[in-house]
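Taking it in order: structure first as structure tokens, then the write-up.
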Amino acid sequence: MITEAIFATKEQIQKTFSSHQIKSIQLRKQPIADRKKLLRRFSDFILSNRERIGNAVHNDFKKPLMEVDLSEIYPVLSELRHAIEKLDQWTAPQKIDAPLTYLGTRSKIVFEPKGVCLIIAPWNYPFSLCLGPLVSCLAAGNTAIIKPSELTPHTARLIAELVREFFEEDVVTVFEGGQDVSTELLRLPFDHIFFTGSPAVGKVVMKAAAENLTSVTLELGGKSPTIVDKTARIDDAAKRIAFGKFLNNGQTCIAPDYVLVHHEVKDKFVEALKREVLLLFGENSKIDEASFSYSRIVNQRHFKRLSGLIEDSLSTGAKIEMGGFVNEQTNFIHPMILTNVAASSRMMEEEIFGPVLPITSYSTDDEMIEIINSKPKPLALYVFSHNSGSRNKLLAATSAGTVCINECVIQFTHANLPFGGVNNSGIGKSHGYYGFLEFSNQKPVLQQMSRFSSIEMLYPPFRSKLKQSIVKLMLKYF
Ligand code: NAD
């Protein structure tokens, strides 16, 4: 049973923010060993609450428990373990060499916490997209205010409970609610905002941040193209694309949004994909309400949005290769594969964010590249090909937040890789060291070590012939 949400008033939000500001200054002096201790205890705490987390996410959109383990709990634990292991290294001041003109100085970069940070999260991975950024935020020594998505209320409530049980209130606080609560929070002069969600709301967040000149990380979405060329191992490509697309019911920011397949292998690929989708998500050769491994659309609004996209594409000539069965009562949409989808249809213009995969064929690399470049820069680009020449051509000719070659969606949990979009798909990077950097101010500290400063030689007055010669030399050589 979900308990009733307690929504904070404007005054409570302001009061909490002020207490975080005080705490964040104290945290600047906190030893790194204490940060690591907190992260270690938090890791144990999450593991000991595995069942509560599984149930909450399952109650929100019937996400299979093992999928919760793998795609909600594990990414947070992996972030925690990585941060604990690397934090001494990440926080150590970085020695910087002095250029010749700075002879006699010593410099370093120190990583100071930004201060009070706001984390606004979406509903599609409601646990990991709240707490993953929190790990980076705490590893960098900040306090955090979190606003989970209102569309997954069971998980939002549980996160609020877990945070209350584990953290001091002026270190991490959760405010539940929707747009109104977000808007109220966005008025405050946070030191950093980490937003995950749609490009449309990303623009709202960035505008609000501009009022306070707050730095932002925007983890957004978009249409991630997936290329299958004629040299691809079709069965492997189909299996990986089926997994990446229909995991979480297609509600994944980096899910393949559409497939561009070389026309010579299109039929073979469509058949292989149908087979793999059934193998992964079906039972007794069918995928239905009883399927154990398949989640649901999050709510009626998104169910209707997807139904609208499907209707629009069918009315403009799309052919159903797989799927067609939906249940409005339970937000169930059978995995759907479409071909003949019109380039001008909404399906090929909007981010799909559901279990529908349009497949379009192409004949030349140039034609395929032109289709990709006609759309805003995607969060992910997948290419299945064993021709390194055409792969390299594609990578050089296109832009994307992340790329996988002969793989799909697994780049997200790679601890040593930065994750993020570019322009319409995002600004800034997250995960591991890159997440730590995002929540840190990289502060250069220069120290003059000698009484004689080489720069003094260039102070005014400027009539001296010697100074003029030095400047000449400088302009020419240094
Ligand atoms: P959304 O933008 O609608 O909502 C995200 C958050 O913003 C929620 O907490 C919501 O309450 C809040 N919000 C909504 N309207 C707001 C407003 N006007 N002002 C301030 N806050 C507001 O996104 P969503 O539907 O929850 O998530 C889906 C989107 O997120 C997709 O575009 C997906 O690609 C993207 N996404 C990106 C990543 C990533 O890591 N890059 C991960 C998951 C999802």
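Just so it is clear, the structure is predicted and the values come from calculations on it, not from any experiment. All ligand and atom numbering here is 1-based and tracks the order in the structure.
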Which atoms of ligand 1 sit under 4.0 Å from any heavy atom of [X]?
X: Ser149; result: 9 (O)
X: Phe353; result: 28 (C), 31 (C), 33 (C), 34 (O)
X: Val204; result: 19 (N)
X: Leu129; result: 42 (C), 43 (C)
X: Cys253; result: 33 (C), 34 (O), 36 (N), 37 (C), 38 (C), 39 (C), 40 (O), 42 (C), 43 (C), 44 (C)
X: Glu150; result: 10 (C), 11 (O)

Working to the nearest 0.5 angstrom, can you tell me the gap between His192 NE2 and Glu438 CD?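 So the NE2 of His192 and the CD of Glu438 are separated by 5.0 Å.
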Atom pair CD (Glu67) and CD1 (Ile73), whose distance is rounded to the nearest 0.5 Å: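 Taking CD in Glu67 and CD1 in Ile73, the distance rounds to 12.0 Å.
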Arg391/Asp229 ion pair, N-O < 4.0 Å: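 Salt bridge flag = no for Asp229 with Arg391.
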Check this for me, if you would: do Lys274 and Glu276 make a salt bridge, where the nitrogen-to-carboxylate-oxygen distance has to be below 4.0 angstrom?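 Answer for the salt bridge query: no.
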Ligand 1 contacted by Tyr125 (non-hydrogen, < 4.0 Å):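 No heavy atom of Tyr125 comes that close to ligand 1.
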Can a non-hydrogen atom of Gly426 be found less than 4.0 Å from any atom of ligand 1?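 Distance cut 4.0 Å: Gly426 fails for ligand 1.
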Gln411 and Tyr382: side chain to side chain donor-acceptor pair (under 3.5 Å), yes or no, with the steps? CA-CA 11 Å; Gln411 76 272 33; Tyr382 302 107; 3.2 Å; yes
Return the residue, atom name and 0.1 Å-rounded distance of the protein heavy atom closest to [atom].
atom: atom 25 (O) of ligand 1; result: Trp123 NE1, 2.9 Å
atom: atom 17 (C) of ligand 1; result: Gln179 CG, 3.4 Å
atom: atom 1 (P) of ligand 1; result: Ser198 OG, 3.7 Å
atom: atom 41 (N) of ligand 1; result: Leu220 O, 2.6 Å

Given [options], which has its nearest heavy atom closest to [atom]?
atom: atom 5 (C) of ligand 1; options: Val201, Thr196, Asp257; result: Thr196
atom: atom 31 (C) of ligand 1; options: Lys203, Glu351, Gln251, Lys147; result: Glu351
atom: atom 8 (C) of ligand 1; options: Ser425, Ser182, Gly197, Ala121; result: Ala121

Side-chain donor-acceptor contact under 3.5 Å, Thr196 with Tyr125: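 On atom types as modelled, these side chains do not qualify, holding no pair under 3.5 Å.
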Side chains of His154 and Asp60: is there a donor and an acceptor less than 3.5 Å apart?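 Looking only at side-chain atoms, Asp60 and His154 do form a donor-acceptor pair, the distance falling under 3.5 Å.
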Only one of Tyr433, Phe194, Trp90 passes ring pair (Phe, Tyr, Trp, His ring centres under 6.0 Å) with Phe439; say which it is.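 The option that passes is Phe194.
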When you look at Glu176 and Lys147, which way does the salt bridge (charged side-chain N to carboxylate O under 4.0 Å, His left out) test go after all the steps? CA-CA 6 Å; Glu176 290 180 69; Lys147 212 295 283 165; over 6 Å; no
Protein contact for atom 36 (N) of ligand 1 (heavy atom, distance under 4.0 Å):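 At least one protein heavy atom is under 4.0 Å away.
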Not counting sequence neighbours, which residues clear salt bridge (charged side-chain N to carboxylate O under 4.0 Å, His left out) with Arg275? List them please.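 For Arg275, the residues satisfying salt bridge (charged side-chain N to carboxylate O under 4.0 Å, His left out) (neighbours in sequence not counted) are Asp235.
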At a non-hydrogen distance cut-off of under 4.0 Å, which region of Ile254 contacts ligand 1 (side chain, backbone, both, or neither)?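 Ile254 to ligand 1: no contact under 4.0 Å from either part.
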Using the salt bridge (charged side-chain N to carboxylate O under 4.0 Å, His left out) rule, take Glu350 and Arg305 through it: C-alpha gap first, then chi angles, then the decisive distance, then the call. CA-CA 11 Å; Glu350 298 171 22; Arg305 177 184 63 78; 5.5 Å; no
